[in-house]
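Order of listing sets the numbers, starting from 1, for every ligand and every atom in it. Computed from heavy atoms alone, side chains included, the values below leave out hydrogens, waters and symmetry copies.
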Amino acid sequence: MINILENISLKRYNTFGIDAKARYFVKVHSIDDIFDLLQTKQFQENRRIILGGGSNLLFRSDFQGLVILVEIKGVHFEGSTKSNTILKVASGENWTDFVELCVKNRLYGLENLVSIPGKVGAAPVQNIGAYGVEQKDYLHKVEYIDSTTGNIEVVDKDECKFEYRSSVFKGNLEGKAIITNVYYELSREWKPNINYKDIKQELDKFSFVKPDAEYVLNTVKRIRKRKLPDPLDIGNAGSFFKNPVVDESQFLTLKEKYPDIPYFLSNDKYKIPAAYLIEKCGWKGRSVGNCGVYDKHSLILVNYGNASGEEIYQLSENIRQSVQEQFGILLEREVIVVE
Ligand code: EPU
């Protein structure tokens, strides 16, 4: 049974804690709920957004459409190969709970992605990643309902077109696909992925320990806790911008002027931490009205209390302008702005 509500505050449904209202709001707990929803006039006649944990979006104002909160639950064994196990995870499961469940059951691969806020259904959409791992590295396939036909569809990993914080769900299937289940293929053999600078440094502090998966999991949790604000304490949506990618000549020009500029090589291009650019522009730790730039990590915009979505949006525009003026790079938002 679905129950479509009207004029609902979205404050508790977005990690920025923005008090925007949804014209219509509905929770779906099963695939049948989604089929019922497709038949309603509120679905057919309105703009729609699908919410998982609400951890990667900014409501710029009230949303004059239908917000769909996906609450489908369940983790099931789907099959196994010689060294891997495939799990089918419902899109409404909490991401971190799922990662922890995997480690408890000795299924490895996703440890570095622990503590990323949000639900499983959002993981493939923006291809979440951290500390040298992306969810695509372990994804098997994605099941969704095509809201234009009402059919259940499956896309294999290759068809998902995963890129840095992007996928087909942000491309051709945007606004069409309601993700219902995500399948991950995890390894039963433990192979640590501990080359990312932050992890390495942290593990080196206790170099006498041979890290098992639980140890890496806890290390990542500790690093994130130190650097990233918990949305339960301070409203935020993780990295607000993507790290920009520049070509060699642009990089060399920048390097001449800023010899300490950090970078990661990615497909012969140079990925520069947006956090560095923002910090160099003097934004780190600055507050403007009710919002600001987090003092321990400049890629994170925070809501100190009652910021409106518009205030945070304006702050982000000012930051973009500074970075553009000083570095000639226009930052792209990672967070989705809902107007
Ligand atoms: N840095 C600064 N100032 C800061 C913070 C960082 O100059 O205030 C520089 C440092 O040189 C640091 C470098 O930026 O070495 C990279 O920082 P960090 O390792 O924290 O990673 P990031 O590039 O800022 C990305 C992801 C994060 C992910 C981390 C760790 C994006 C947009 N963000 O951040 O993902 O947790 O790597 O892998 O790619 C998210 O997407 O919401 C998110 C938090």
### Query
Would you call Tyr294 a ligand 1 contact, heavy-atom distance under 4.0 Å?
no
### Message
Contact between ligand 1 and Gln126 is defined here as a heavy atom of the residue under 4.0 Å from a ligand atom; is it met?
### Response
no
### Part of Tyr164 within contact of ligand 1 (heavy atoms, under 4.0 Å)
side chain
### Query
Any non-hydrogen atom of Lys280 lying under 4.0 Å from ligand 1?
no
### Task
Answer yes when Glu163 and Lys170 have at least one side-chain N-carboxylate O distance shorter than 4.0 Å, and no when they do not.
no
## Note on the structure
The atoms of ligand 1 lying under 4.0 Å from a heavy atom of Gly238, numbered in the order shown, are 42 (O)
### Message
Closer than 4.0 Å and a protein heavy atom, does any atom meet both conditions relative to atom 44 (C) of ligand 1?
### Response
yes
### Task
Between Pro262 and ligand 1, find which residue part has any heavy-atom pair under 4.0 Å and reply side chain, backbone, both or neither.
side chain
### Message
Taking 4.0 angstrom as the limit and counting only heavy atoms of Arg224, give me the atoms of ligand 1 inside it, by number and element.
### Response
36 (O)
### Message
Using a 3.5 Å cut-off on N or O atoms only, is His297 in polar contact with ligand 1?
### Response
yes
### Message
Counting only heavy atoms closer than 4.0 Å, does ligand 1 sit against the backbone of Glu279, its side chain, both, or neither?
### Response
side chain
### Query
If you count the atoms of ligand 1 from 1 in the order shown, which ones are under 4.0 Å from a heavy atom of Ser239?
26 (C), 27 (C), 31 (C), 32 (C), 33 (N), 35 (O), 40 (C), 41 (O), 42 (O), 43 (C), 44 (C)
